[in-house]
Amino acid sequence: MNYNKINPIPLDPIRTINSGQVFLWENHNNSWYGIDGNYILKITITGKERYKLSENKKFLSELENIDIDYNAFPEYKNWNYHFFRLYDNQELINKTLSKDPSILNIYKKYKGLRLIRQDPFQCIISFVCASNTNIKRIRYMLKNITKKFGKRVIYNNINFNLFPNVNELSEASIEELIGCGLGYRSKFVKSISNHIKNNLDLNSLKDMKYLEAKTELTKLFGIGNKIADCILLFSLEKTEAFPIDIWVYRALFQYYGWMFKDNSLIKSIKVPENKYKLIHNKINDYFGKYSGYVQQYLYYHIRESNKRTW
DNA sequence: ACCCAGGCCCTTG
DNA sequence: CAAGGGCATGGG
């Protein structure tokens, strides 16, 4: 059977920014505004449909009823190409997401969902905050962090706060972080900020191999397998990273149970930490270097089908 | 009251 | 090495 008829792949920016990858996007009037490190990104919906798919056009023109504010991200003239990874190998992504009927059906259903390339420091703090809580609270914590420690800016007559940089956030006390609602994560954020400020160049992680970079990240207090994979996938160019949280874990055994002979894996309520590497390896063997795209689709799908709120 | 949430750390056996 | 408890916090 030919599963490779969908080409080129589309982009749905609104779906993408509401898929649990980023947590600081807000809707004002007909526009979405997002904080990415030092920048405010803006996407305006101009058509009556929030996004119109046009099968026969390249992804370039599929943004036709989305108005991108190019001034917001000066380093990248067309920031949407950078942020939504539009220069990734379209054919290979398409092939990966069409690997078998299970993933192909999900791919077709949520077309336009893409990976985001985030500011690394913001991504690290975001997913440290994400441990053992829900998305609504992640948003709440991060919003509080920006309000307390980020530069205030006015853009389109709306008040925003940028995400604090390492130096700004390392000034925060544990008490202030607890005040932001981080709870026991406060000590992680404090420790990680100090460590990055003094001992770690985040950009150097981009040049390392997946495992090498992961080893560096998991040395940080509060970062384990899953959080490291989120950081690697969403901000450090490691598209083979496949974060396995409780939702992806459930999806794996619903659709890819055949991959795992060990039945004891299925019974666990939590993701078994000691089996994480084994699962990850099998996924990489099967899906290859763009495994991370599969993860995002599985995550999105399993949550949608359980009617979770974003 | 109890369980869960984009987990991780630490202690025990 | 494996298993299990604890952790902050709020919503269902």
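- The distance from atom CH2 of A:Trp310 to atom C1' of B:dA5 is 13 Å, rounded to the nearest whole Å.
- Atom C1' of nucleotide B:dG7 and atom CZ of A:Phe188 are separated by 9 Å, given to the nearest angstrom.
- Atom name C1', nucleotides C:dG10 and B:dC9: the rounded distance is 23 Å, in whole Å.
- Both geometric conditions, a ring-centre gap below 5.5 Å and a plane tilt below 30°, are not fulfilled together for A:Trp247 over the base of B:dG6.
- Nucleic acid contact for A:Phe234: base, since at least one base atom lies under 4.0 Å from a heavy atom of the residue.
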Original post:
Passes side chain to side chain donor-acceptor pair (under 3.5 Å), A:His301 versus A:Tyr255? Steps please.
Top reply: CA-CA 11 Å; A:His301 169 68; A:Tyr255 297 101; 2.8 Å; yes
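- At a cut-off of 3.5 angstrom, the base of B:dG7 holds at least one donor-acceptor pair with the side chain of A:Lys270.
- The base of B:dG6 does not come close enough to the side chain of A:Tyr300 for any donor and acceptor atom to sit less than 3.5 Å apart.
- Using a 4.0 Å heavy-atom criterion, one finds that A:Ile178 contacts the sugar-phosphate atoms exclusively.
- Nucleic acid contact for A:Gly222: sugar-phosphate only, since backbone atoms but no base atoms lie under 4.0 Å from a heavy atom of the residue.
- Taking only distance into account, the side chain of A:Glu273 never meets the base of C:dG4 through a donor-acceptor pair shorter than 3.5 Å.
- When the side-chain nitrogen and oxygen atoms of A:Arg303 are compared with OP1 and OP2 of B:dG6, one or more of them lie within a distance under 4.0 Å.
- Between A:Arg308 and A:Ile223, the residue anchored nearer the 5' end of DNA chain B, judged by the nucleotide with its closest heavy atom, is A:Arg308.
- In this structure, the nucleotide among B:dG7, B:dG6, C:dG10 sitting nearest to the side chain of A:Arg137 is C:dG10.
- Within the 4.5 Å cutoff, the side chain of A:Ile145 has heavy atoms near those of the A:Cys129 side chain.
- We find that A:Lys214 and A:Asp229 are joined by a salt bridge, their nearest charged nitrogen and carboxylate oxygen being less than 4.0 Å apart.
- Heavy atoms of A:Phe221 sit under 4.0 angstrom from primed sugar atoms or phosphate atoms, though from no base atom.
- For the OP1/OP2 pair of B:dA5 and a distance below 4.0 Å, the side-chain nitrogens and oxygens of A:Arg250 include at least one atom meeting the criterion.
- Spacing between atom CD1 of A:Ile138 and atom P of C:dT9 amounts to 16 Å, rounded to whole angstrom units.
- Atoms OH (A:Tyr184) and P (B:dC10) sit 13 Å apart, rounded to a whole Å.
- By the 4.0 Å N-to-carboxylate-O rule, A:Lys226 lies too far from A:Glu273 to be salt-bridged with it.
- A donor-acceptor pair under 3.5 Å is absent between the side-chain atoms of A:Thr133 and the main chain of A:Ala130, judged by distance alone.
- Spacing of P atoms, C:dA2 relative to B:dA5, comes out at 24 Å, to the nearest Å.
- Distances from the side chain of A:Lys187 to the nucleotides C:dA8, B:dC9, B:dG6 place C:dA8 closest.
- Residue A:Tyr140 contributes atom OH, which lies 17 Å from atom C1' of B:dA5 at whole-angstrom precision.
- The residue A:Asn132 sits close to a base: some heavy atom pair falls under 4.0 Å.
- In this structure, A:Leu298 reaches neither bases nor backbone, as no heavy-atom distance under 4.0 Å exists between it and the strands shown.
- If you take CG of A:Asn306 and C1' of B:dC4, they are 13 Å apart, rounded to a whole angstrom.
- Between A:Lys209 and A:Glu212 there is no salt bridge, since no side-chain N of the basic residue sits under 4.0 Å from a carboxylate O of the acidic one.
- B:dG6 atom C1' lies 18 Å from atom CD1 of A:Ile17, rounded to whole Å.
- Electrostatic pairing of A:Asp88 and A:Arg85 counts as a salt bridge here, judged by a charged N lying under 4.0 Å from a carboxylate O.
- Residue A:Pro243 places its side chain closer to B:dG6 than to any other of C:dC7, B:dG6, B:dC9.
- A distance of about 23 Å separates the P atoms of C:dG5 and B:dG6, rounded to the whole Å.
- Using a 4.0 Å cut-off, no side-chain N or O of A:Lys136 falls inside it from OP1 or OP2 of C:dT9.
- The separation between A:Ile231 atom CD1 and B:dG7 atom C1' is 12 Å, rounded to whole Å.
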